[in-house]
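Here's the structure, in structure tokens; my notes come after.
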Amino acid sequence: MFLPFLKYYGIKQANIGIDEFLVNCPCCESQSWADVLITGSYYHFMFIPFWPMYKEANVICKKCGYKRYGMKFGDRLISNYQEIKSQFRHPWYTYTGLSIGILLILSIILFALAG
């Protein structure tokens, strides 16, 4: 049965973490503390997550309240990005489809070698 209103593939987002960082705010033009929510996007097919794609940050300045959404999570946003990037990894379940595909290929190879 075909249900045209269901989307069987596409890109979804998952929350990775939230923290407080020192950022350069373009609105109040100062370096101030901000709440940063990190989200990770991943590709899914038939509701199974296949592989992670990119990370975005939603930033709220604590000094002036300016909100920025969909910013690239990187060293342009946060000065100590290299130190903290390992804290914000994609969730393990976003690799589910990729893991299933690798296991399927390995099992086909092993059965071909054994038979």
Side-chain angles (χ1 to χ4, degrees):
M1 181 165 117
F2 178 69
L3 300 172
F5 58 87
L6 288 178
K7 191 171 182 182
Y8 292 111
Y9 63 92
I11 297 173
K12 288 189 177 183
Q13 288 189 335
N15 290 337
I16 295 177
I18 188 168
D19 208 344
E20 185 176 68
F21 297 110
L22 199 58
V23 297
N24 292 323
C25 180
C27 186
C28 59
E29 297 179 355
S30 66
Q31 195 169 25
S32 60
W33 289 99
D35 289 325
V36 180
L37 170 67
I38 310 298
T39 59
S41 297
Y42 62 90
Y43 181 79
H44 73 91
F45 181 73
M46 298 294 287
F47 309 107
I48 298 172
F50 265 78
W51 62 81
M53 297 176 65
Y54 53 87
K55 296 177 192 172
E56 290 182 338
N58 300 324
V59 182
I60 302 173
C61 178
K62 288 196 169 198
K63 186 174 181 181
C64 66
Y66 182 65
K67 299 175 185 175
R68 296 180 285 177
Y69 299 104
M71 298 188 66
K72 184 181 180 211
F73 181 60
D75 54 357
R76 288 190 65 203
L77 176 65
I78 300 169
S79 59
N80 62 341
Y81 170 74
Q82 295 300 326
E83 298 170 13
I84 63 164
K85 71 177 181 179
S86 63
Q87 295 175 9
F88 298 100
R89 294 186 178 146
H90 287 279
W92 64 270
Y93 61 85
T94 60
Y95 295 95
T96 304
L98 189 61
S99 301
I100 291 171
I102 289 171
L103 288 174
L104 183 64
I105 290 170
L106 287 176
S107 64
I108 290 171
I109 292 171
L110 288 175
F111 282 125
L113 292 175

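Index from 1, following the sequence. What's counted below: heavy atoms across the whole structure, side chains too, no hydrogens, waters or symmetry copies. Because the structure is a prediction, the values reported are computed rather than measured.
Residues Leu98 and Leu106 fall within the same hydrophobic cluster, defined by Ile, Leu, Val, Met, Phe, Trp and Tyr side chains chained together at heavy-atom separations under 4.5 Å. Residues Val36 and Leu22 fall into different hydrophobic clusters, defined by Ile, Leu, Val, Met, Phe, Trp and Tyr side chains chained together at heavy-atom separations under 4.5 Å. Criterion: ILVMFWY side-chain heavy atoms under 4.5 Å apart, direct or through other members. Under it, Phe73 and Tyr66 are not part of a common hydrophobic cluster.
More than 12 heavy atoms of other residues, nucleotides or ligands sit less than 6.0 Å from atom OH of Tyr81.
Side-chain contact between Gln87 and Ile38: absent, with no pair of heavy atoms (C-beta onward) separated by less than 4.5 Å. Under the 4.5 Å side-chain criterion, counting only non-hydrogen atoms from C-beta, Ile18 is in contact with Leu37. A heavy-atom distance below 4.5 Å is found between the side chains of Ser30 and Lys63. At a threshold of 4.5 Å between non-hydrogen side-chain atoms, the residues His90 and Ile16 count as touching.
A distance of 12.0 Å separates CD1 of Ile105 from CG of Leu110, quoted to the nearest 0.5 Å. For the atom pair CH2 of Trp33 and CG of Asp35, the computed distance is 11.0 Å after rounding to the nearest 0.5 Å.
For the pair Pro91 and Thr94, the tightest heavy-atom approach, listed with the atom from each and the gap, is O-OG1, 2.7 Å.
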For residues 39-61, dump all side-chain donor-acceptor pairs below 3.5 Å to protein atoms at least two apart in sequence or in another chain.
{"from": "Lys55", "atom 1": "NZ", "to": "Phe88", "atom 2": "O", "distance (Å)": "2.4"}
{"from": "Glu56", "atom 1": "OE1", "to": "Gln13", "atom 2": "NE2", "distance (Å)": "3.2"}
{"from": "Asn58", "atom 1": "OD1", "to": "Gly70", "atom 2": "N", "distance (Å)": "3.1"}

